[in-house]
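Every chain is numbered from 1 and lettered A, B, ... according to where its sequence line falls, protein lines coming before strand lines.
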Amino acid sequence: MNAEILATKWMTPQELKRMVAKDGLIIKKGRFSATESFSVNDAIEEYQRASSFADAELRAVIFPVNERDKDTAFWGRIAKVVPRRSISSVYHYVRRKRHPLKHKGAWGAWEDELLEQSVATHGKAWKVISDLVGRTAEDCRDRYRNCVSQKETRVVGTWAEEEEQLLAHIVTDMTDEGRGIDSDFFWDEASRRMGGRRGRQQCRNKWMDCLSKKMKCAGTNPKWSPRDASILLCKIDLLQAKDDSEIDWKLLHDPDWNLWSPHLLQRRWLTMKKSIHKWQSMPHQSIVDQLRIQQLAIPPPFYPPTPSFSASSKS
DNA sequence: TCGTAGATAAACGATTGTGG
DNA sequence: CCACAATCGTTTATCTACGA
């Protein structure tokens with residue numbers, strides 16, 4: 001019934017939250033995994049076949065000319081194949097993936113200029129601007145927010161020592177003022193306090209990937225060891241995932257074990273994976289097994305228990 | 001020459017605001 | 001009230017410089 005509700009009822013985020021809390025509704029969030037996206041695409045293809053629609057007709061179902069003509073039966077049918085997803089999340093996912101303007105890669109200078117002019121004349125009406133620039137409204141907004149709007153003050157490239165210190169200072173100040181680093185406009189404000197010298201994305205990335213770790217480790221960056229590799233592999237193995245796109249890297253973060261960011265762990269995994277012969281044609285779990293066998297073949301001379309993995313300590 | 005860290009920005013998902 | 005546009009924060013693909 002869980003799937004039934006999620007696939008048929010259009011709910012607001014608040015309603016969803018309520019049902020998760022009160023009725024024990026189980027819901028999956030975050031990126032769509034490889035298997036999920038396969039399921040969705042299969043379902044759409046099957047629908048197209050069953051109703052013998054041409055591509056244009058299918059497009060009209062997903063993007064009706066009059067937005068009021070949303071085909072709820074169609075969306076329900078698609079949503080059913082990804083049981084833990086809300087119908088609205090499937091709707092957004094499919095429409096984003098199949099948007100006619102999607103996937104255009106890096107922005108050219110002329111596009112930036114066009115974007116800037118368009119915003120100057122039309123304001124932040126992203127739907128209008130989207131048509132002028134030829135990118136999705138979302139892409140236009142993101143590009144403007146992160147790059148174009150700050151092009152006068154913003155610099156790119158390696159951070160100077162003073163910049164790092166300044167940012168560290170700003171973040172500590174703002175935290176002391178009682179603002180969480182995930183709160184609204186936190187990084188916009190941090191960027192402002194940097195004098196617009198660095199954008200919000202730059203500031204956040206710098207902090208997350210580098211500075212926060214540095215501060216915890218008193219200025220020295222820890223080294224990735226074979227033992228870390230072994231722990232990572234063990235954690236991945238425990239998940240028993242069908243595919244590595246199922247993995248939520250945030251969940252592998254363990255404050256006791258690592259100061260490694262989720263992104264770093266993911267990249268480590270990728271290089272480990274690539275070391276396996278013919279990894280591209282192998283299922284996820286086989287790669288994991290293969291790697292574990294390799295590790296066992298070269299046992300480390302000494303394997304000290306780590307604080308995070310030894311359940312009982314001296315206490 | 002390969003792996004790694006640093007850095008950037010594109011792509012993304014969830015939530016909020018708003019006009020009909 | 002509902003659907004969409006707008007907006008928020010977050011994740012990740014990709015490039016690059018560099019050192020062993």
Side-chain angles (χ1 to χ4, degrees), chain A residues 9-17 27-33 36-37 63-64 66-70 72 75 85-97 99 101-108 111-112 119 123-131 135-148 150-151 154-160 163-164 180-190 198-211 213-214 221-224 229 244-245 247-250 253 260-272 274-275:
Chain A
K9 212 168 172 318
W10 295 77
M11 287 183 283
T12 64
Q14 287 93 335
E15 281 177 312
L16 274 174
K17 238 182 232 165
I27 185 166
K28 185 166 188 290
K29 290 182 164 190
R31 289 187 133 78
F32 277 60
S33 70
E36 281 178 316
S37 86
F63 301 99
N66 185 347
E67 302 278 5
R68 304 262 143 190
D69 300 336
K70 184 145 87 183
T72 49
W75 292 109
R85 295 280 183 177
S86 73
I87 190 168
S88 146
S89 129
V90 173
Y91 171 83
H92 287 298
Y93 172 76
V94 170
R95 289 187 33 119
R96 193 205 297 265
K97 281 294 181 190
H99 195 284
L101 295 177
K102 77 150 220 120
H103 257 335
K104 299 262 266 172
W107 286 70
E111 285 183 299
D112 277 348
V119 173
K124 294 181 179 177
W126 301 115
K127 196 72 192 303
V128 179
I129 296 191
S130 163
D131 292 335
R135 298 258 191 172
T136 67
E138 230 172 6
D139 288 347
C140 292
R141 180 258 306 164
D142 285 343
R143 179 69 188 174
Y144 189 80
R145 176 165 66 136
N146 290 326
C147 303
V148 174
Q150 295 173 314
K151 74 170 192 185
R154 203 174 74 110
V155 300
V156 296
T158 313
W159 286 59
E163 280 185 304
E164 292 194 358
I181 59 168
D182 290 339
S183 59
D184 286 2
F185 301 109
F186 184 95
W187 295 108
D188 297 80
E189 173 64 21
R198 297 286 180 169
R200 49 168 224 121
Q201 258 187 326
Q202 287 174 298
C203 290
R204 184 176 189 276
N205 288 345
K206 186 69 191 173
W207 176 259
M208 293 297 200
D209 279 357
C210 174
L211 286 183
K213 191 169 68 177
K214 248 188 195 169
N221 281 331
K223 269 249 170 245
W224 180 261
D244 56 8
S245 64
I247 297 172
D248 181 354
W249 297 98
K250 280 200 302 290
H253 178 82
W260 317 114
S261 67
H263 186 205
L264 185 104
L265 293 176
Q266 188 195 8
R267 283 199 317 207
R268 291 294 184 182
W269 159 249
L270 201 64
T271 49
M272 285 166 79
K274 282 181 177 168
S275 74

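Across the protein-nucleic acid pair, A:R200 atom CZ and B:dA9 atom C1' stand 11 Å apart, rounded to whole Å. Atoms CD (A:Q266) and P (B:dA5) sit 14 Å apart, rounded to a whole Å. Atom P of nucleotide B:dA9 and atom CG of A:D139 are separated by 15 Å, given to the nearest angstrom.
An OP1 or OP2 oxygen of B:dT4 is reached within less than 4.0 angstrom by a side-chain nitrogen or oxygen of A:T271. Of the side-chain N and O atoms in A:Y91, none sit less than 4.0 angstrom from OP1 or OP2 of C:dA3. The side chain of A:R154 places an N or O atom within less than 4.0 Å of a non-bridging phosphate oxygen (OP1 or OP2) of B:dA9. A close approach under 4.0 Å does not occur between any side-chain nitrogen or oxygen of A:R145 and OP1 or OP2 of C:dT7. At C:dG9, none of the side-chain N or O atoms of A:W187 fall inside 4.0 Å of OP1 or OP2 (strictly under the cut-off).
Not a single donor-acceptor pair, N or O on each side, falls under 3.5 Å between the base of B:dG3 and the side chain of A:R268.
The shortest non-hydrogen separation linking A:W75 to A:V94 is CZ3-CB, 3.7 Å.
In this structure, the side-chain contact (heavy atoms from CB on, under 4.5 Å) partners of A:R268, at least two apart in sequence or on a different chain, are A:W224, A:L232, A:L264. With sequence neighbours excluded, the residues forming a salt bridge (charged side-chain N to carboxylate O under 4.0 Å, His left out) with A:E138 are A:R96, listed by chain and number.
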